[in-house]
Amino acid sequence: MLPYFLSILDLKSLMYPAVTSDRKPLGIAEFVGLMALLTSLVALAVDAVLPAFPQIKSDLGVADMNHLQFLVTFVFLGMSIGQLVFGPVSDSIGRKTAIYIGMGVFVAGAVLASQATSLPVMLVGRFLQGVGAAAPKVVIIALIRDQYSGREMARITSFVMSVFIAVPAIAPLMGQLTLMLAHWPTIFYAMLVQATVATLWLAVRQPETLHPEHRRPVSLASLSYAAREIIKCRAAMLYTVGAGFVFASFMTYLSTAQPIFDGIYGVGALFPVYFSSLALIFGAASFVNGRIVRRFGMQLLCKVALTGVMTSALLYLGPVMLTGGQPPLWSFLIYLATTFFFLPLLFGNLNALAMEPLGHVAGTAATMVGSISTFVGLFLAMIIGSFYEGSLLPIVLGFGMLGATALVIFISAEKMHSDPI
């Protein structure tokens, strides 16, 4: 109810723009912190539940352990659809009000998932969580684009990601601790707390960045215009699809991490420790990208990172095949650490490259870029994840193929830029 209440309160700022136009922009540190907290709802919704897979499987009577991957993929499915709604809505009624509405949907999904007694009901709740989480995910990209562009946008995006990555680092630990003290529905209650805190912070501190004269009514004509602007920009579309292939690698890992660490390596209650350690490497690389992107440029960093993802997978295929798909845990951790150092160099930069020529339709552009890349990643991750049967071979092979394909797509898009970015 809180997000809806705040949305009603913010109608005054929609009707009387001067109320928000006088508010000073947030400092970089506070802005990054707020954006990170809002976007991290996605990570919390996915990662905090991973340690609870065995309990959920037992309580909901799930016959096939592989079906628990749907608890992750349905969040992203909802997100890919939700982005198609919240981007245009934010262009019409403002960034903040669109986020308020999304938070309401997210809360409804968390409540439903916490009360689920069967897998289908749980998946509906997870889908709604994804739809709601799409609001901050896509609107924040537009909100950042309202204030920054080019390498500065990539820098801010990377800083947001480096801060928000602390949530996936601690979310599994939080989930594991919750399971020691209470039952798995309590994990969803914690999500309600974060959603409430983030929404209050947004309402009180963040000015509206979309001025009234730049707002577009939600209509078929305006959506068609924005879609044409995006589609005819071939470089933006290629960067978007490339981002989808990169995202597929990360989504495959998220959906198979718990079965791999528990099923192959039997780490049990130590799973959150391994997961969190890898997440910290991911966050550190995001911070590094934010520090160096202005010096080296997004295109160079993307080429280096894509080459690294592809090469590390190809090199690791040998040990994987020689050990029957179950290499030593230490070698798997080294491989993941290497891959997770390269992936953050891609997420922020590819999104910034796709958004660079689309500032005049930032909300809808963020919708298209986010939705297409998420859907592509979801589709590919579900295919790769379905081949997992106790062997790392399909996972590592899939990572290599995704990296190689994304590199080809990126080089094609790069040729359309006359100047390096």
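Since this is a predicted model, take the numbers as computed values, not measurements.
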Under a 4.5 Å cut-off applied to non-hydrogen side-chain atoms, are [X] and [Y] in contact?
X	Y	result
T186	L181	no
Y388	I264	yes
F86	V131	yes
L37	V197	yes
L44	M174	yes
Y253	I395	no
V72	L50	yes
M310	L306	no

Partners meeting side-chain contact (heavy atoms from CB on, under 4.5 Å) with S80 (sequence neighbours left out): L77, S371, T374, F375
For A52, side-chain contact (heavy atoms from CB on, under 4.5 Å) partners two or more places apart: I56, L179, W184, I187
With [X] via side chain to side chain donor-acceptor pair (under 3.5 Å) - residues at least two apart:
X	answer
T240	none
Q194	S40
Q258	none

Any residue meeting ring pair (Phe, Tyr, Trp, His ring centres under 6.0 Å) with F387, in chain and number order, not counting sequence neighbours: none
G385 versus Q69, closest heavy-atom pair with distance: O-NE2, 3.4 Å
Where T39 and P136 come nearest, the two heavy atoms and their spacing: CG2-O, 4.4 Å
For a quick test of your reading: what N or O donor-acceptor pairs under 3.5 Å do the side chains of residues 403-412 make, sequence neighbours left out?
| from | atom 1 | to | atom 2 | distance (Å) |
| --- | --- | --- | --- | --- |
| T405 | OG1 | M401 | O | 2.8 |
| S412 | OG | V408 | O | 3.1 |

I'd like a table of donor-acceptor pairs (distance under 3.5 Å, sequence neighbours excluded) in which one partner is a side-chain atom from residues 108-127, with atom names and distances.
| from | atom 1 | to | atom 2 | distance (Å) |
| --- | --- | --- | --- | --- |
| S114 | OG | A110 | O | 3.4 |
| S114 | OG | V111 | O | 2.6 |
| Q115 | NE2 | Y189 | OH | 3.2 |
| R126 | NE | L71 | O | 2.9 |
| R126 | NH1 | A45 | O | 2.6 |
| R126 | NH1 | Q129 | OE1 | 3.1 |
| R126 | NH2 | A45 | O | 2.7 |
| R126 | NH2 | L71 | O | 3.0 |

Residues forming a salt bridge (charged side-chain N to carboxylate O under 4.0 Å, His left out) with E30, sequence neighbours excluded: R205
Within residues 298-330 or reaching into it, pairs that qualify as ring pair (Phe, Tyr, Trp, His ring centres under 6.0 Å) - sequence neighbours excluded: Y316-Y335
Within residues 57-81 or reaching into it, pairs that qualify as ring pair (Phe, Tyr, Trp, His ring centres under 6.0 Å) - sequence neighbours excluded: H67-F70, F76-F247
More than 12 heavy atoms of other groups within 6.0 Å of Y265 OH: yes
Stepwise side chain to side chain contact (heavy atoms under 4.5 Å, CB included) check, M321 with L393: CA-CA 7 Å; M321 290 188 290; L393 182 59; 3.8 Å; yes
Check: residues 266-275 side-chain donor-acceptor pairs under 3.5 Å, at least two apart:
none

